[in-house]
Amino acid sequence: MSQQLSEQEIIRRNKLDKLKALNINPYPAPLYPVTHYSADIKKLFSEETKEQFSNVCVAGRIMSLTDRGKVFFIKIQDSKGIIQLYVRKDDVCEGEDKTLFDEVIKHLIDLGDIIGVTGFVFITRTGEISIHAKSFTLLTKSLKPLPVVKRDEEGNVYDEVTDPEFRYRQRYADLIVNPEVKNTFLKRTQMINAMRAFLNERSAVEVDTPVLQPIPGGAAARPFVTHHNALDIPLYLRIANELYLKRLIVGGFDWVYEFSRDFRNEGMDRTHNPEFTILEWYTAYKDYFWMMETTEQLFEKIALTLHGTTEVKVGETTISFKTPFKRITIYDAIKEHTGFDVSEMDEAKLIDVCKQLNIEADETMGKGKLIDAIFSEKAEDKFIQPTFIIDYPVEMSPLTKKHRSKQGLVERFELMINGKELANAYSELNDPIDQRERFEEQSRLMERGDEEAMFIDEDFLRALEYGMPPTSGIGIGIDRLCMLMTNQSSIQDVLLFPQMRPERRTDEA
RNA sequence: GAUCUCGUAGCUCAGCUGGUAGAGCACAACACUUUUAAUGUUGGGGUCUUGGGUUCGAAUCCCAACGGGAUCACCA
């Protein structure tokens, strides 16, 4: 099988051969002693500090080449930004041999190649901080031409690469060519670091629990199944890690957390990828009121860390992460947005309400699912500013402790921001007998045809029987939080490598 | 999974109601040696996603497949 090469790719391979003929290794092995980054030079260089920049070594990818006869202006991009190199023939070729300049730099170097130079920093006639090169080294030859994006002084972009398919499939090229993309992912890491710091400051313990689970528990979702050959058993990629973290609370950890990569075998769209990240944590001797306070503090801290303010612009709206967040019960939320008081209704009445509100409903849906349907159809997207929706009906929360004073409800909240659920938390159910009954209720739902009802996890029940202290736990959708904090409208823009259909290879023999 | 929509050069796009492809950037050569998306001249590069159909003739119309996006459904 042979690769179908474009004209430009063939030219680059010919250049590769010419470089080798000149005894220049296009992929040299030795380390390259980089001393400075572009952005730091641009920030710190001045008349006063210029002594510190009299001998710098930088490396990066060529993003622009300007041939000016005996002088080349080359812009390279390193991990922090772009800087201009001033490459003069007689400076990089001191002796009689001018091959490096006349051949290599003039003809064999391309956009996209990775080079390094040493030299001193100065300011050009046009006022741009640049590096006057004393030596020039090719570090990597690029064989595939990058899309060429140009920017002018005002920041206008020409020929911007916007094709989502190209950007997601070839994220490496997207990152080279679209600097804001890289910035989004740096923000994502910053956000996760801030969350980790917040938890560690409070003595929470980060743990790892199984991704391959014999029983996929802790959430209502369809799992991916795989098979373990040696044990000859099915294993599931986790849909949540909740039940394992709770086992650790039983074991005596007071506060555990995990950034959990979860997998759900469901549809993909702007807010769903088959694998995604949830931060879950569980804290002993706490309840959901404490959890609300801690959660709003965390969110406020994230906003401050990333934006330096609690006011964050998302699309056209500004979201305020200033604590405290609003709280409203789910029944009040439904009443507020539909006029129906569903708090006392049974299944039949709920189905009737669904019909009146034009919501699809059928017999397989239990009371919990019906209420959830009404809420998510008619109320959910109305909550733009951070709001805790609290006190859910017991039927839709099989892992949650019954409410301390309200009959038929559980101590649970969901945090809604910009019309989307960002977090889900409870006072955890720790009564093993109650938990068994809830699982059994889930089994009945499964028999009625609910594909997402939970399995009974006997080992988890055994752990609860040893006794789990009163505990509050939460799950926070990291990808969606990241979308919010970086103002992205698609989950694919906060995942480095979003799931895509495989490309069809046309060059197979 | 359903519906709508898009698929032309390495990239961004043009190509009217069907008459067998065009621009800018990128690339190559030459000239010019004066930096700032943009020096000039010349040139090379496309089985117009794929496969069928209608037609004398299809990038253009129809059908299907493949891939992307949007909306909906399921869900976080």
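Heavy atoms only: backbone and side chains are in, while hydrogens, waters and symmetry mates are out. Each chain gets a letter, A, B and so on, in the order its sequence line appears, and its residues count up from 1.
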Q: Is the shortest side-chain N to carboxylate O distance from A/Glu242 to A/Lys246 below 4.0 Å?
A: yes
Q: Answer yes when A/Arg261 and A/Glu275 have at least one side-chain N-carboxylate O distance shorter than 4.0 Å, and no when they do not.
A: yes
Q: Any strand counts, and the cut-off is 3.5 Å on both contacts for Watson-Crick or G-U wobble. Which nucleotide pairs with B/C4?
A: B/G69
Q: Taking B/A26 as the reference, what is the distance to B/G44 when you measure between their C1' atoms (whole Å, please)?
A: 13 Å
Q: Remember a base hit wins even if backbone is also touched, and classify A/Gln492 as base, sugar-phosphate or nothing at under 4.0 Å, heavy atoms.
A: sugar-phosphate
Q: Could you state the CD-C1' distance from A/Glu9 to B/A26, rounded to the nearest angstrom?
A: 13 Å
Q: In plain terms, say whether A/Lys141 and A/Asp110 are close enough for a salt bridge, that is, a side-chain N and a carboxylate O under 4.0 Å apart.
A: yes
Q: Between A/Glu9 and A/Arg12, does any NZ, NE, NH1 or NH2 come within less than 4.0 Å of an OD or OE carboxylate oxygen?
A: no
Q: Closest approach of A/Pro216 and A/Ile239, non-hydrogen atoms and distance?
A: O-CD1, 3.9 Å
Q: What about A/Asp269, does its side chain sit under 3.5 Å from the base of B/C74 through a donor-acceptor pair?
A: yes
Q: Could you identify the nucleotide paired to B/C74, looking across every strand shown and requiring Watson-Crick or G-U wobble geometry with both distances under 3.5 Å?
A: none
Q: Write down the distance between CD1 (A/Ile74) and C1' (B/A37), rounded to a whole number of angstrom.
A: 18 Å
Q: Using the side-chain heavy atoms of A/Lys150, tell me which of these nucleotides is nearest: B/U35, B/A37, B/G68.
A: B/A37
Q: So what's B/G46 paired with, Watson-Crick or G-U wobble, going by both distances under 3.5 Å?
A: none
Q: Kindly say if A/Arg270 contacts the phosphate of B/G69, meaning a side-chain N or O under 4.0 Å from OP1 or OP2.
A: no
Q: What distance, rounded to whole Å, do you find between the two P atoms, one in B/C27 and one in B/G19?
A: 34 Å
Q: For A/Lys75, report the nucleic acid contact type (base, sugar-phosphate, nothing); a contact means any heavy atom under 4.0 Å.
A: base
Q: Where the side chain of A/Thr66 is defined as all heavy atoms beyond and including C-beta, which of B/A28, B/U35, B/U71 is the nearest nucleotide?
A: B/U35
Q: Round to a whole Å and report the spacing from CZ of A/Arg88 to C1' of B/U33.
A: 14 Å
Q: Between B/G67, B/U34, B/A26, which one does the side chain of A/Arg125 approach most closely?
A: B/U34
Q: Please tell me which of the listed nucleotides, B/A73, B/G67, B/C27, lies nearest to the side chain of A/Ile11?
A: B/C27
Q: Check every atom of B/A26, B/C74, B/A29 against the side chain of A/His107 and return the nucleotide holding the closest atom.
A: B/A29
Q: Base of B/U35, side chain of A/Gln84 - is there a donor-acceptor contact under 3.5 Å?
A: yes
Q: Could you go over nucleotides 7-14 of chain B and give all protein N or O partners under 3.5 Å, atom names and distances?
A:
none

Q: Report the distance from atom NZ of A/Lys141 to atom C1' of B/C27, rounded to the nearest whole Å.
A: 12 Å
Q: Any strand counts, and the cut-off is 3.5 Å on both contacts for Watson-Crick or G-U wobble. Which nucleotide pairs with B/C16?
A: none
Q: For the P atoms, the ones on B/U50 and on B/G10, what distance do you get once it is rounded to whole angstrom?
A: 13 Å
Q: Measure CD1/A/Ile10 against C1'/B/C27 and give the value in whole Å, please.
A: 12 Å
Q: What is the distance from CE of A/Met63 to C1' of B/U35, rounded to the nearest Å?
A: 18 Å
Q: Want to settle it: does A/Leu111 or A/Lys106 sit nearer the 5' end of RNA chain B, counting the closest nucleotide to each?
A: A/Leu111
Q: Pick base, sugar-phosphate or nothing for A/Thr124, based on heavy-atom distances below 4.0 Å to the nucleic acid.
A: base
Q: A/Asp67 has an atom CG; how far is it from atom C1' of B/U35, in whole Å?
A: 11 Å
Q: Atom CG of A/Leu5 and atom CD of A/Glu7: how far apart are they, to the nearest 0.5 Å?
A: 11.5 Å
Q: Just how far, in rounded Å, is P of B/G69 from CD of A/Gln499?
A: 12 Å
Q: Scan A/Gly477 against the nucleic acid and name what it touches under 4.0 Å (heavy atoms): base, sugar-phosphate only, or nothing.
A: nothing
Q: Between A/Phe45 and A/Phe122, does a ring pair (Phe, Tyr, Trp, His ring centres under 6.0 Å) hold up when you go through it step by step?
A: CA-CA 8 Å; A/Phe45 181 81; A/Phe122 76 113; 8.6 Å; no
Q: Look only at the side chain of A/Arg238 and the backbone of A/Thr209, and say whether a donor-acceptor pair between them is shorter than 3.5 Å.
A: yes
Q: Under 4.0 Å between any heavy atoms, over every strand shown, what does A/Lys89 touch: base, sugar-phosphate, or nothing? Just pick one.
A: nothing
Q: Between B/U35, B/A73, B/G68, which one does the side chain of A/Arg501 approach most closely?
A: B/G68
Q: Are the side chain of A/Glu380 and the backbone N or O of A/Glu377 linked by a donor-acceptor pair below 3.5 Å?
A: no
Q: What's the gap between B/U34 and B/G40 when it is taken at their C1' atoms, as a whole Å value?
A: 13 Å
Q: Strictly by Watson-Crick or wobble contacts shorter than 3.5 Å, is anything paired with B/U39, and which nucleotide is it?
A: B/A31
Q: Closest to the A/Arg68 side chain: B/G69, B/A28, B/U39?
A: B/U39
Q: Roughly how far apart, to the nearest Å, are B/G7 and B/A59 at atom P?
A: 15 Å
Q: Counting only Watson-Crick pairs (N1-N3 plus N6-O4 or O6-N4) and G-U wobbles (N1-O2, O6-N3), all under 3.5 Å, who is the partner of B/G57?
A: none
Q: Check the pair A/Phe185, A/Arg171 against side-chain contact (heavy atoms from CB on, under 4.5 Å), reporting the backbone distance first and the verdict last.
A: CA-CA 12 Å; A/Phe185 289 101; A/Arg171 182 68 90 187; 3.8 Å; yes
Q: Would you mind telling me which residue lines up with the more 5' stretch of RNA chain B, A/Glu165 or A/Asp372, judged by nearest nucleotide?
A: A/Glu165
Q: Between B/A58 and B/G15, how far apart are the two C1' atoms, rounded to whole Å?
A: 14 Å
Q: Could you check whether A/Asp102 pairs with A/Lys89 (Lys NZ or Arg NE/NH1/NH2 to Asp/Glu carboxylate O, under 4.0 Å)?
A: yes
Q: Say you pick atom C1' in B/U55 and the same atom in B/C66; how far apart are they, in whole Å?
A: 26 Å
Q: Check the phosphate of B/G68 against A/Arg169, side-chain N and O only, distance under 4.0 Å to OP1 or OP2. Yes or no?
A: yes
